Number of protein chains: 2
Amino acid sequence: MLDVPGEILEPLARSPVARDVAHRAGVSTATVSRVLNGSAGVRADKREAVMRAAQDLGFVANGAARALSTRRFMAVGAVVPNIENEAFVRVLSSFQERLRQAGYTLVAANAGYDLEDELREATFLLERGVDGLMLVGDIHHPDLHTRIARHGIPMVQTFSLSRERPCVGFDNAASAARAANYLVDLGHRRIGVISGLRKDNDRGGARVTGIAQALAARGLRLAPEHDIEISYGIGGGRDGFRQMLAGGPPPTAIICGTDQIAFGAMIEARARGLDVPGDLSVIGHNDSDFAPFLDPALTTIRIHSAEIGHAAGDHLIARMQGRPVVRLTQIDAELILRASTAPPRKQALD
Amino acid sequence: MLDVPGEILEPLARSPVARDVAHRAGVSTATVSRVLNGSAGVRADKREAVMRAAQDLGFVANGAARALSTRRFMAVGAVVPNIENEAFVRVLSSFQERLRQAGYTLVAANAGYDLEDELREATFLLERGVDGLMLVGDIHHPDLHTRIARHGIPMVQTFSLSRERPCVGFDNAASAARAANYLVDLGHRRIGVISGLRKDNDRGGARVTGIAQALAARGLRLAPEHDIEISYGIGGGRDGFRQMLAGGPPPTAIICGTDQIAFGAMIEARARGLDVPGDLSVIGHNDSDFAPFLDPALTTIRIHSAEIGHAAGDHLIARMQGRPVVRLTQIDAELILRASTAPPRKQALD
DNA sequence: TGGCTATCTGAAAGCGCTTTCAAAATAGTC
DNA sequence: GACTATTTTGAAAGCGCTTTCAGATAGCCA
């Protein structure tokens, strides 16, 4: 890093307030407020005058004053585990889209898969006065809901379903189970899982559970040495698959917690001379941009992130406006079949 | 999407305010404020009492009231072209990290590579009362700077250098030129470029210019048919390279605007039976997570996004606190050599 | 103990907007 | 033209916090 010396910069001037506009237009601030908020009952000529005055002065209402006065901040918060994760970014993006249309601002924060941190960030947002809050998953710090309740604002959870709380998501166990069943149908018998960290992460946990149960229902089992938990990312996927190979006879198929992990596993498999899908079928999660372009193209569980974001936005907006709303919105994930899955080779089956 | 009927939810209760705390602690709101803001000059026993009362009541200061009173919102805005773009997400993430430490909240918005939209989003943030603003690049709507100035808040631009305005970035032309020179040094003579959309995008434009100039300085030229502009993404890269092949003798090396584009170009090249790097050397931009894992591993220009975000954060914080600051911070990009670049085959050189 | 600082503390005045309430202006009626 | 029903309007009271200013307390020294 290199700092290039340059002119030193300085600040400020007083920006116009409602009284200035009122003066210029020859009315009271009450009327200015009425005009600017579109309330009815202002004579056309005064309305005109106010509009022009505001325009001339470049008046912009002070958000804090307005918020203080109306008791609404017109902002909603969102706390996601990892703001650099594609799926969360997509949700945030679509969530924001909706909020923006309704005049709300999105304030997002990062919790890094840690309950304490999540609580801290959420509290920070609450202090800011957000009018609503979006969270990811159904596992949170025990104090979190109390604090949210104390602020009396609506909250919605995303990505997973919840028994008690408002949520927009999908059945992680069921969709992962579907992937497992698909593999079993193809003829696979030894199926492994590489997931991200599962601590305090109901999505990851549910997926593995779903797979284990699906296998059990078909008379198979998820061997402990084929149930790997690693940190996210391509590197994690490589490590995970390496670990799996170290534990006895390799699986003929694996289901991964993200497409990045799947990508990593495929790389490691290839480095070990295994053919995908010949020797190893691979399924990812999320349907990332690159998934169709991998070689072979990656079979993956597509999560409709944009729809989740939209639905979560709609839910929160409705509640903030006092409209009734259903507690649970389910948006199903979808298994996208591509070239990384195939029946196992005969000799691998014994 | 499926809506499952559920209980209908409802709201509210009054949250405690400073006066409540004052009452409970037997002091005035002035003292409460002093304690909660850590101002000196409050006797220990009263301080204790206030702390406990606040704790018991679960008091959280109303952000709007505080903002109104202090004239500082403790929030800064950021408008980026595409919130789903890896490089921008990284910058936002590190930017936020710094802000958060200093007690500021980040409010981010999406402009989608459109000047009008950028103006709209920035105005929205300005209305919100942000205390500072981060933008990307040096090309903006003519009205934007006027509006920012009217609010009297500091602004910093990122990713590119600017002649007039505060900025944290790197010399896009120079770093792209370095990549071009490297290719020429390897022996390449026909070098192509696939960039993202260049309209209103000084980064993309500068990179191409830098490459063209570097080539010119070595007695070569960037042929128009080898100068391709496409929309971002892997698909864009494929299309771009296809277009390039349609335009006469193919280049022996290409420089791409992002790693995604490079990835797409590599896929297309392989689909055409070209070997990378044997028949085609490829250089990307950004050093994405997947770059080292592509086959072959991608040579790329690493942009130190995290440092840019940190520096931009530091810059804004300093100015918001009235401290002097240098106008321009340069953070150099770096050419990361991997396996996707090599000398051209002899027969390709004529 | 009295007198004089040095500390602490609370009353009160904003911050800039919205909104209520009653007065002023206008319109409508007979 | 007097009188009532409507609209329009502005004065003023908050919203909940910070901060100034002056008064109350405590601390010290003679």
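Fair warning: this is a prediction, and the values are worked out from it, not measured in the lab. Order of the sequence lines sets the chain letters (A, B, ...), proteins ahead of strands, with each chain counted from 1.
In this structure, the nucleotide among D:dG10, C:dG10, C:dC17 sitting nearest to the side chain of B:Thr31 is C:dG10. In the set C:dG10, D:dC17, D:dG16, C:dG10 carries the atom at the smallest distance from any side-chain atom of B:Ser28. The listed nucleotides are C:dT9, C:dG14, C:dG16; the one nearest the side chain of A:Ser69 is C:dG16.
The distance from the CZ atom of B:Phe124 to the CE atom of A:Met74 is 7.5 Å, given to the nearest 0.5 Å.
The nearest heavy atom of DNA chain C to B:Ala65 and to A:Val32 marks one nucleotide each, and the one closer to the 5' end goes with B:Ala65. Of the residues near DNA chain D, A:Lys46 and B:Ala64, the one whose nearest nucleotide (by heavy atom distance) lies more toward the 5' end is A:Lys46.
Defined by atom type and a distance below 3.5 Å, a donor-acceptor pair is present between the side-chain atoms of B:Arg319 and B:His315. Judged by distance alone, the side chains of A:Ser160 and A:Asp138 never bring a donor and an acceptor atom under 3.5 Å apart. Side chain to side chain, B:Arg128 and A:Thr105 meet the donor-acceptor criterion of an N or O pair below 3.5 Å.
Between A:Glu127 atom CD and D:dG16 atom P the separation is 17 Å, expressed in whole Å. Regarding B:Asn37, its CG atom lies at a distance of 15 Å from the C1' atom of D:dT20, rounded to whole Å. The separation between A:Arg34 atom CZ and C:dT19 atom P is 10 Å, rounded to whole Å. For the pair A:Arg72 CZ and C:dT19 P, the computed distance is 10 Å after rounding to whole Å.
Among the atoms of the strands shown, only primed sugar atoms or phosphate atoms (P, OP1, OP2) are found under 4.0 Å from some heavy atom of A:Arg71. Using a 4.0 Å heavy-atom cutoff across all strands shown, A:Ala30 reaches at least one base atom of the nucleic acid.
Side-chain N/O atoms of A:Arg43 include none lying less than 4.0 angstrom from OP1 or OP2 on D:dT8. Note on A:Ser33: a side-chain N or O is less than 4.0 Å away from OP1 or OP2 of C:dT18. For C:dC15, neither phosphate oxygen OP1 nor OP2 lies less than 4.0 angstrom from any side-chain nitrogen or oxygen of A:Asn62.
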